[in-house]
Amino acid sequence: MKARYQYRVYPHPGQQTKLARLFGCCRVVWNDALALCKQAEKLPKNSALQKRCITEAKQRLERAWLADVSNIPLQQSVADLGVAFSNFFSSLKGKRKGKRVNPPRFKKRTGNQSARFTRGGFSLKGSKVYLAKIGKLPIEWSRPLPSTPSSVTVIKDTSGRYFVSFVCEVEPQTLEGGDKSVGVDLGVTTFATLSTGEKIDAPKPLKKRLKRLRKLQRNLSRKVKGSRRRERARKRVAKLHARIRDTRTDFLHKLTTRLIRENQAVLVEDLNVSGMVKNRKLSRAISDLGWRQFRALLEGKGIRYGRVVGVVNRWEPTSQICSCCGERGGKLDLSIREWQCLRCGATHDRDINAAINIASRRASANKVAGGQSETLNGRGGRHKTGLPAASGEASTCRDGQQEQLLLFS
């Protein structure tokens, strides 16, 4: 399988200028190709788009600066556009699993910027990574690469940070020990309740920084569009969003790694997150928790380390069934956190009882070895559940030919 390894890089001012030129050229090529596709009656082939938007464009005075950057990222930009259109049409025809894919849109300079180099456009030079026509970038090696990378994507996020993301071939591993199975019940007040009785609270980074975020957004709205002060205010907002996202991702990675290492099987409930976030009273709290990312990381690590990740049907009344005798009570209001079974007299904590019932459904859970789910309606009434592609290239894998890309940080 293939895994993605991401590292922080610190380009000096001259390299930042070259990277800005590279990002701008990739963005212009993408936008030019997209404009041609929208004007054409029939979608042009990638070779025709590359000829018009790269080769012929370099001959024109207004696009002559495309020759100042490497040709490889420009070609990859056009190829990514073709895959984006392919995924969009496959989604319209119902051939692609998961949520419906939107058509490709024009890129803006204020969003995340990226450029991908394939073999021949990059190399590893000691403790640095060399990019064609960019130079050697100082990189912070937080861990070694497992194999020779097949491609590298240089990224600049909205807060101004630079990263490089390598795609490497890795061999699946089988962890020893951990012969236990655990059920996980997800909630809003308590992020996860385990069948062992342990309750895990989420950091809720958005809730803790909401007051600061509102202040920065009000300050941004007062600035004149196109001014330097607005750009500085925008970066302050982007940095706070990045801190919120990093805090949430760090918590989810640590929790999922711990569950995979300690247990042979992990059972979770198939929640309709996309439908639950439509509730305006709970949407912010649910989004702050990251339920969907938690499940995606859990399934990805289960595949890599040979663990079983089972998904229990969302219609299972796990909070209504007594985990001691199996008696099913009536529907419980969310305000009721403890209840007593009328048959055996056992007193249950609502969340712990649900987690125990989820763990007991291991035999009937829709699962296969290695952690992949087989639920038919995991994300909605007519959609099929599937593992999402890795961050950064989510729209560049062809349907039916998608290679497993796992993000571990």
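The figures here come from the full heavy-atom set of this structure, side chains too, leaving out hydrogens, waters and symmetry mates.
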* Asked: Residues two or more places apart in sequence or in another chain: which of them pass side chain to side chain contact (heavy atoms under 4.5 Å, CB included) with R232?
  -> R228, R229, R236
* All side chain to side chain contact (heavy atoms under 4.5 Å, CB included) counterparts of S287, not counting sequence neighbours -> V277
In chain order, what residues pass the side chain to side chain donor-acceptor pair (under 3.5 Å) check against [X], with sequence neighbours excluded?
X	value
E171	none
N112	none
Q76	R116

* Asked: Going by atom types only, do K215 and N219 share a side-chain donor-acceptor pair under 3.5 Å?
  -> no
* Asked: Where does the angle between the aromatic ring planes of F166 and W141 fall among parallel (under 30°), tilted (30 to 60°) and perpendicular (over 60°)?
  -> parallel
* **Pairs flagged by side-chain hydrogen bond (donor to acceptor under 3.5 Å, both in side chains) wherever residues 47-62 is involved - sequence neighbours left out** => K58-N71, R60-E62
* **Sole residue of S150, C168, S147 in side chain to side chain contact (heavy atoms under 4.5 Å, CB included) with K2** => S150
* Are the side chains of K208 and T247 in touch, meaning some heavy atoms are under 4.5 Å apart? -> no
* Asked: Got a donor-acceptor contact below 3.5 angstrom from the Y10 side chain to the Y162 backbone?
  -> no
* Drop me the distance from W30's CH2 to L74's CG, to the nearest 0.5 angstrom. => 13.5 Å
